[in-house]
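Below: one structure in structure tokens.
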4 protein chains.
Amino acid sequence: MVPPSVERRSERARRAILDAALELCQDQSFAGLTMEGIAKRAGVGKQTIYRWWPSKAAILLEALQERGGATLIFPDTGDIVADLRTQMTQVVRAFNDPMFAAYSRGLISAAQSDPEIAAAVVESIIRPRVDLCVDRLAKAQQAGDIHPDANLPDVVELLYAPLYYRLLLHTRPTTEAQVDAVLTMVFQGLRP
Amino acid sequence: MVPPSVERRSERARRAILDAALELCQDQSFAGLTMEGIAKRAGVGKQTIYRWWPSKAAILLEALQERGGATLIFPDTGDIVADLRTQMTQVVRAFNDPMFAAYSRGLISAAQSDPEIAAAVVESIIRPRVDLCVDRLAKAQQAGDIHPDANLPDVVELLYAPLYYRLLLHTRPTTEAQVDAVLTMVFQGLRP
Amino acid sequence: MVPPSVERRSERARRAILDAALELCQDQSFAGLTMEGIAKRAGVGKQTIYRWWPSKAAILLEALQERGGATLIFPDTGDIVADLRTQMTQVVRAFNDPMFAAYSRGLISAAQSDPEIAAAVVESIIRPRVDLCVDRLAKAQQAGDIHPDANLPDVVELLYAPLYYRLLLHTRPTTEAQVDAVLTMVFQGLRP
Amino acid sequence: MVPPSVERRSERARRAILDAALELCQDQSFAGLTMEGIAKRAGVGKQTIYRWWPSKAAILLEALQERGGATLIFPDTGDIVADLRTQMTQVVRAFNDPMFAAYSRGLISAAQSDPEIAAAVVESIIRPRVDLCVDRLAKAQQAGDIHPDANLPDVVELLYAPLYYRLLLHTRPTTEAQVDAVLTMVFQGLRP
DNA sequence: GTTTAAACGAGACGGTACGTCTCGTCTTCCC
DNA sequence: GGGAAGACGAGACGTACCGTCTCGTTTAAAC
């Protein structure tokens, strides 16, 4: 995050640390993750970790960015509701993957007491995906499928917030049925 | 939470512990809260805490239940949208109160790695408020103000999730404008 | 030791406490003995113990006095060396009994940091036995078997100290051979 | 005592711990000595103590060995009784020094419930001094000043045990008069 | 026989110290 | 000079006992 001199850095150590963090997080959840554990698993000195990352969340964040880069696409078939369903269903699947859920919960949990983590999570994970969704909604709005007064970032929130709600509040599991329910309510409105 | 013998319990110690926990959580956030710190501030032996609560989150939960009990009312003026706006605005205000926000974030954060905390948060904080909201929505549904097919718990989620989303993801602050936006979108629907 | 009112005292509780102390001391040695453990084993409230004894050593002391009272006799056959050998051999046997050794070591150990215990040990255990020995030596001195200048309490120390030395310093076990060696050296003198 | 890797060890920390232990033992006696207190006084983490010593007695033992090394000499003027008097008088003086007496009592007390301490005390404190005394006695025996049948280690015990007896049993203080009495009795024998 | 005051069992309380754990820094060698 | 190794100062963890302090409940002498 704030390195002393980027050139001499050992790529081997960097890779080992990122991999160890991901593996340990799977095994023991984010709360059980420790700097000491990562160092041991990666065969790396603790100082090497502290030199390049300020916290365990920062490590995980970087690890996830590397792995999750591929998912940054948003379908466009012309049917906005169908495309949203496709995309939201992917999110539901990710939230139901124990590993991904552990990462997400851990990072958001850490963000509650560390503003830097919070900012990094938003910047590198949330914002890019929201922007993509906003772009797709803008097309639909221009096509006349969405009310012209609608504030699109607010729409994105309205659609995805219920998924995060269940993930973080542990009320019910997220399901595809939830996606359908949200889409129906949001596009039809609640009035009879 | 899991008491050894409820009768002899010292109310003085109980109060001191709950108060100390709330005060320290304000000062140092939930992550900086320690059993040792609570004990010292409350003038209490650590054993006395461990005897009655399994974790610091459990203490905070009990403290919040006592203080927040008064908020368990839901207005009913006959105008469902106005009543929701009233209630949701109260939630927005609470989320903008640094102290309450710290508690909420801390508890939800702790819930991510402790299923018991998660269950307790849902049971004692979330569920009662959701139920109240569902009741109010049911009346509106019977009055013909809400589509008869709408699943009311899903509606509650749809309305409140965006508030939690901003609280936990730290994207933007929750505002009254957000409440209006959500209510407009949800009740009108996104179609033009 | 310093009772509030001796009459109402429960003999049942007293016996249970003394017995429990002895039993626990056998099982776990004096160092592992705790007031809490004694109370639990005796089926007695802690307060009942603190009401009548100031320390765990005081309990053990009283327990030992009751049991060991019978050993307060000193043989007198007319042959002082033989009588000393008889008596000292008894002491050796006691020191080689694991239970008695544990009690003795524990009490003397406790006496190092508690002057009251030290005084009590001397008064109730050591002094009576030393006095008996001095009496027997006095007879021998009058019979002309011991040098008239000899200071008898010093003689007692000279005879018994080597037994305590081995008990407490853990150099070698005390044996009957040691008794013989001591008696020979002391009565013959070291000069050729 | 049971080190993990001797090379990297901080000499500064070691010295601070040994010094703190000695100072605290003077102030509050061995029984009042705590690991926590030593750590605080030495400005050291508790782990650093536990890493290198298994118990507070082990610390004290090492501290004493360093300081007491100088006393390992035995006079040889040709007069065995005079030399013993010189040496035993030194021991009497040490036993009457409150600090030294506290250390000795504390260590021997601890040895009663910890065989490792007991062994260490014998090996590092008692044995070297006994050996020195035996050597001096052997010379005297060859010079014809001591009975050829006398078992010298037994003689050492006979001479020094009365000093330890008074130190540990707290009957009377050790004095130079006691040394004279012991030497007279032992070398003359008790017979008239 | 009833009263009544104490000793009793039980165990919660405010504390202290325990020995372990992890933190983030510092130090020491190796490459 | 970066990296491995890991000792270090710090301090929270949860546990064990300490000695004190209520609590009802026996219980046995005094009335």
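Every chain is numbered from 1 and lettered A, B, ... according to where its sequence line falls, protein lines coming before strand lines.
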Just N and O in the side chain of C:Arg12: are any of them under 4.0 Å from OP1 or OP2 of E:dC8?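 The answer is no; no side-chain N or O of C:Arg12 sits under 4.0 Å from OP1 or OP2.
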Reported CG-to-CD distance for the pair B:Leu60 and B:Gln65, which is rounded to 0.5 angstrom:
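CD of B:Gln65 is found 11.0 Å from CG of B:Leu60.
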Check: C:Met99 and C:Leu22 side chains under 4.5 Å, non-hydrogen atoms: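 When only atoms from C-beta onward are counted, C:Met99 and C:Leu22 do not touch, as no gap falls below 4.5 Å.
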Check: Can you check the D:Ile17 CD1 to F:dA7 C1' distance for me, whole Å?
Finding: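 One finds 12 Å between C1' of F:dA7 and CD1 of D:Ile17, rounded.
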**Q.** Selected nucleotide, minimal atom distance to C:Arg51 side chain, candidates F:dG14, F:dG9, E:dA7
**A.**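 For C:Arg51, the side-chain atoms sit closest to E:dA7.
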Just call it for C:Gly43: base, sugar-phosphate, or nothing, with non-hydrogen atoms closer than 4.0 Å on any strand.
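Counting heavy atoms under 4.0 Å across all strands, the contact made by C:Gly43 is with sugar-phosphate only.
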_For F:dG2 and A:Trp52 - does any side-chain N or O of the residue sit under 4.0 Å from the phosphate oxygens OP1/OP2?_
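Looking at the OP1 and OP2 atoms of F:dG2, neither is under 4.0 Å from any side-chain N or O of A:Trp52.
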- So, do C:Lys46 and C:Arg51 sit near enough that their side-chain heavy atoms are less than 4.5 Å apart?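 When only atoms from C-beta onward are counted, C:Arg51 and C:Lys46 do not touch, as no gap falls below 4.5 Å.
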Point to revise | Candidate nucleotides E:dT28, F:dC8, E:dG24, ranked by approach to the side chain of D:Ala13 - the nearest | key: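 Ranking E:dT28, F:dC8, E:dG24 by closest atom to the D:Ala13 side chain puts F:dC8 first.
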| query | Of B:Glu36 and C:Gly32, whose nearest nucleotide on DNA chain F comes first from the 5' end? | reply |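 Taking each residue's closest nucleotide, the earlier one in sequence belongs to B:Glu36.
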>> If I take atom CZ in residue D:Arg14 and atom C1' in nucleotide F:dC8, what distance separates them, rounded to the nearest angstrom?
In response: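 Those two atoms, CZ and C1', are 16 Å apart.
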I want to check one thing: is the phosphate of F:dG19, taken as OP1 and OP2, less than 4.0 Å away from some side-chain N or O of C:Trp53?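 Checking F:dG19 against C:Trp53, no side-chain N or O comes under 4.0 Å of OP1 or OP2.
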TODO: Please name the residue in the list C:Arg14, C:Arg9, C:Arg8 that meets the salt bridge (Lys or Arg N to Asp or Glu O under 4.0 Å) test with C:Glu11.
DONE: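 For C:Glu11, the salt bridge (Lys or Arg N to Asp or Glu O under 4.0 Å) test succeeds with only one of C:Arg14, C:Arg9, C:Arg8, which is C:Arg14.
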- [ ] Measure the distance from CD on A:Glu11 to C1' on F:dG3 and round it to the nearest whole Å.
- [x]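 Roughly 15 Å, once rounded to whole Å.
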C:Ala42 vs A:Leu33, nearer the 5' end of DNA chain E by closest nucleotide:
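Nearest nucleotide further toward 5': that of C:Ala42.
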Notebook entry, point to check: Does any non-hydrogen side-chain atom of A:Leu18 lie less than 4.5 Å from one of A:Trp53?
Noted result: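 Yes, at least one pair of side-chain atoms sits under 4.5 Å.
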Among F:dC13, E:dC18, E:dC13, which nucleotide has an atom closest to any side-chain atom of B:Arg9?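 Nearest to the side-chain atoms of B:Arg9, counting from C-beta on, is E:dC13.
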Hey, does the side chain of A:Ser10 come within less than 4.0 Å of F:dG2's phosphate (OP1/OP2), counting only N and O?
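Indeed not, no polar side-chain atom of A:Ser10 lies that close.
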Checklist entry - Which listed nucleotide (F:dG19, F:dG14, E:dC8) is nearest to the side chain of B:Tyr50? => result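 The answer is F:dG14.
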Check: Which nucleotide, F:dC23, F:dC17, E:dT22, lies nearest any side-chain atom of B:Arg8?
Finding: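 The nucleotide sitting nearest to the side chain is F:dC23.
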Exercise. What's the closest nucleotide to the C:Thr48 side chain, out of E:dC18, E:dG14, E:dC8?
Worked result: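 My answer, after comparing the listed nucleotides, is E:dC8.
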So if I take every side-chain heavy atom of C:Gln47 and compare against F:dA10, F:dT20, F:dA4, which nucleotide ends up nearest?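 For C:Gln47, the side-chain atoms sit closest to F:dT20.
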From F:dC13, F:dC17, E:dC8, pick the nucleotide closest to the side chain of C:Thr34?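 The listed nucleotide nearest to C:Thr34's side chain is F:dC17.
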In whole angstrom, give the distance that lies between atom NZ of D:Lys40 and atom P of F:dG11.
->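 Atom NZ in D:Lys40 sits about 8 Å away from atom P in F:dG11.
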Side-chain donor/acceptor contact of D:Lys46 with base of F:dG9 under 3.5 Å
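No, no donor-acceptor pair under 3.5 Å.
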*Of all the nucleotides listed (E:dA7, F:dG14, E:dA17), which has the minimum atom distance to the side chain of B:Met35?*
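Among the listed nucleotides, the one closest to the side chain of B:Met35 is F:dG14.
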